[in-house]
Each structure stands twice: as structure tokens, then as C-alpha cells.
Amino acid sequence: MIRNFLLIYGMAVLGMVSAAEYRGWSLNSVDEVKNVPRSVRDNPGSYRSVYGYYHHYTGGK
Amino acid sequence: MMESGPTPIATPQVKSLNCPSCGARLTIRSFEHAVTVVCNSCHSILDAQDPRLRVLQQFNVEINEDPPLIPLGTRGKIRSTQYEVIGFQRRTIHVDGIPYSWHEYLLFNPFKGFRYLTEYNGHWNDVSILRSLPTVNAAGFPPTLSYLGQTYAQFQNAKAETSFVLGEFPWQVRVGESSTVTDYVSPPRMISKEESGKEVTWSVGEYVAGRDIWKAFNVSGDPPTPVGVYENQPSPLSTDVTTVWTIAGGFLLLLIMLAIAFYALSQSEQVFTHSYTFDTNSHGEASFVSDEFELKGRTSNVELTTNAHVDNNWIYLNYALINEDTSQAFDFGREVSYYHGYDEDGFWSEGKQEDSVTVPSVPPGHYYLRVEPESDFFRGKIYYSVTLTRDVPQISFFGLGALALLVPAGFITWRSMNFEHLRWAESDYAPADSGSSNDGEDS
């Protein structure tokens, strides 16, 4: 019972890892934006990044 | 005149007598084997070998009545042999002043003799007398014994007192008689040594599920639910621990081979690289777009690496990887910062000058990069480079896969160890953190 479960589970894990590698999945968070205006190519400032206006904390020790 | 031919096999019969104390009818099922018989009505213990059934002992049962779960006279098959329940006794040990009792059912077959069923808190054992002596090694901790090539560890040593009897017995049974019992375990078996005066009896028991006893003796209802972990109760997971680690090890090996294959076959193709300068003194539009580049092949990840010459400084880059064919963009921001210095603890540093991010599942097509750098004003020029590489193997997934494979193995091992911990917590050799003391002999 446990043996069969582990065999199926192990194959599922290997399958998931293979799929993740083959399909190029990533653990990083990236936003997908649809329909970016073609004018961005000529006027980069017209694009408003999701991550724009970053407020940086200058840490240091 | 004697008849010739084979002797017919005797069928089990019962002998009926009357109690000399109360006149109740007595049934003797083990014939000449019965040494004492207990009246079911007045609980007088009678000498079964005396034709007048001399009363040997009477005990007060008003507060001690303990009816057997398997009634006397019930027949059932154990190891393909039919036995009849002929006697029942309750035995009690005291640990720290607390009484713990178990029940023993005496079984009889006219051809096979006697064997026992014991029950404690719903845990059952099929017990028979040992025919040869085991070898005891008293030097160990816990002491052990060897029997038929198997090693048993001492579990408990206690003085057991007979506190209730019913039926018939092939020995001079008395309520209040005591013997020293030492149990050695090797689940699912246990070996018990009983010392009473100069007499020493060894017996071997094997753990049996209550439902199997109920089925064998055709007892109505359900057996009592087992409470806790019994000393020779087989762990439901002990055999699985080896199996689960064997399987996990096999899959880990496959995972390593898979990682080697992906690292060998992945293209790790550099599709774009460029160096830029960000002038923090300039107030103009900082954003710009790169030249177009092509991502070929199948959908794959794209790793973007930023290398910035920041020294006690930072740069933040808003990135948009834009597909010129579909107008779809992957939008993300990355910071590169590096600070260092000296204080009373010596040299310190935070951050680094390089940063990598993996953009997942980027379809093939023609792309360009929009970059918008930010930093503190008037910090001079910051030089940085951007490199894009597609189809890069991700070690993190192999790490997660290994973790996922180890979780069930670890969980089952933990459950198994916990089971053994619970078992030994009740022994004289309890682990230090179980709350039980190493009592040695209890009384």
C-alpha cells in the first residue's frame, strides 16, 4: 500500500521536476502584461512599469 | 473382552459435579488435568483432584467481579487447532502504587494441551510454554535473551499478583498468590519468565489482533479497542521504514541522473548582452529600450543577469521584456546594491554587485528590453551590464524535488520512532524524556 503510494508519488515528483525544467518554470515572481503599446519602442518613457517608483532603503550596517 | 482394531479418537467431553460450598453445578473440561476449579457461583476455589472437591480458598468478589470477555466453554481455533476456554484469571502489578491488571484465558485441547490468551487494554497475545530454555545476557542495558536465533530485549520486571480467578486450572491457583514476571520483547513476540519460589516458567507470546480472536472464537460484538502501544505490539510502520528509504533513495538517484541530463542538454544560450551607463546627475528620461533580439526554440526560461559597479551605492532597474510579435511583456524590477566598511567588529559587507532573475516560460519570438534605472541623485555614473540567457537549468526545482522525496520517508521514520518511543515509555528502560522512571523491580 505505502510502497505503491511512494512509487506513484516519486514518479509524480520526478514528472513535476521534469515538467518544470522543460517548460522553463521559475520560482521568481514576474508580472505578465498584455497589449503593451507599440509606441514604447519609440517612446520608452510612455511605459509605466508595475515596479516603478521604487523607494529604496539605503541600509548598510 | 477387548475389541481389536484402531483406538477411536476421543471427543472432548465434560464432567459435571456440584460445588460443596453452594451446591451450584460445576463443569470440568480438562478432566484429570484439572488441579483446581473455581465455582462460578460462589467463587470457592476447590481441589479438583479431591473426590469431595475440598474447598481450598474463598475470595470476596463483590468488588472484584471481572467477567471474561470470552465466556468459559467457548471454543475456537488457534493455529488450526480447536481449543476451549476453561480458565480465566486477572493478574495485577503495582507501579508507583498504581495497579495495572491484565487478563489471562486458559485454553485447553485434549491432544495439544494448554495455551493462553492474554489481554491488556485491548492488546492480545497468544501464549504457549517454551519447550527449551533461552540464553540470557544480563550484562546489557537493557538485558537481552536469545531464543531460536532471535534477540529479545528486557522490557519490564514486576511482581504480579493473581487478583481474580474463574474456571479450572492445571495448578494450585490462589487469589493473592504472586510471582515475579520478567518480559523480554522482540515484536511481535515476547518471552516471559515467571518465578514463583523455586519454580521458573518460560513462555512465548505473539501479538494477535483482537478482531482475529473474536473471529476465531466467534465472539459476538467487537473486541475492546486497544489503548496505547503494547510492549510487543508490532509497529505498523517498522517494515515500511526500510522500504520507504529504499524507494526514496532510488528516486533521489533518478533525480540526480535527471539533473545531470538537464544540465547536459540545456542550451544555456546567451541571447543578449550589453553594457550601459546610468548618470545619476542627469535629470532626463532614464528609461530606454534595447536592440531587438530573438528567442528561438521552445518555450523556456530566460535568466537576466545584472552586473553593476556599485560601491556603497545601489541601483534599481525596472525591466520589461517585451515580445514585439505579441505585445506581451514580462515586467519585473531588480535591485543591485553593495555596501561595505569597517567597524569595531572589523570588515563588513552587504549585498553584491551581481543579481540574477529567471523569467519563467518565455515563448519564442522577437523581443526587446525596456530598462528604467533608478538610484540616488548626484552619485555620479553607474556602469552596469545586462545579459540574457535562455533555457537555463534551475537547481531550485531539483532541490525541491529532493525535499519532496525525503518528506514521506522522514515522516514515516518519525512515526515509527514515535511508536517505539511510546512502547518503551512504559518499560523499565524508558527514555529519559518519557516521564517514566527506571524502576527496576516494581511491587
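All values reported here derive from a predicted model rather than from experimental measurement.
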Most contacts with chain B, counted as non-hydrogen pairs under 4.5 angstrom, among A/E21, A/E32, A/K34: A/E21
Among the options A/R41, A/R3, A/R23, pick out the one with the most heavy-atom pairs lying under 4.5 Å from chain B. A/R41
Let me know if A/L14 has heavy atoms under 4.5 Å from chain B in its side chain, its backbone, both or neither. both
Side chain / backbone / both / neither for A/M11 at chain B, heavy atoms under 4.5 Å: both
Using non-hydrogen atoms and a 4.5 Å limit, figure out which bit of [X] sits close to chain A: side chain, backbone, both or neither.
| X | value |
| --- | --- |
| B/L400 | side chain |
| B/S356 | neither |
| B/L255 | both |
| B/L265 | neither |

For the atom pair [atom1] ([X]) and [atom2] ([Y]), what is the distance rounded to the nearest 0.5 Å?
| X | Y | atom1 | atom2 | value |
| --- | --- | --- | --- | --- |
| B/F397 | A/S26 | CZ | OG | 6.0 Å |
| A/L6 | B/T243 | CG | OG1 | 8.5 Å |
| B/E285 | A/N43 | CD | CG | 7.5 Å |
| A/Y22 | B/N301 | OH | CG | 13.0 Å |
| A/Y9 | B/L405 | OH | CG | 6.5 Å |

Measure across [X] and [Y] and return the closest heavy-atom pair with its distance rounded to 0.1 Å.
| X | Y | answer |
| --- | --- | --- |
| B/F330 | A/V30 | CB-CG1, 3.7 Å |
| A/S18 | B/F262 | O-CZ, 3.6 Å |
| B/G401 | A/V13 | O-CG1, 3.6 Å |
| A/P44 | B/S287 | C-OG, 3.4 Å |

Are side-chain heavy atoms of [X] and [Y] found at a separation under 4.5 Å?
| X | Y | result |
| --- | --- | --- |
| B/T358 | A/W25 | no |
| A/V40 | B/Y368 | yes |
| B/D331 | A/Y47 | yes |

Donor-acceptor check, side chain of A/R38 to backbone of B/E324, threshold 3.5 angstrom: yes or no? yes
Contact winner vs chain A - B/Q328, B/H340, B/R390, heavy-atom pairs under 4.5 Å: B/Q328
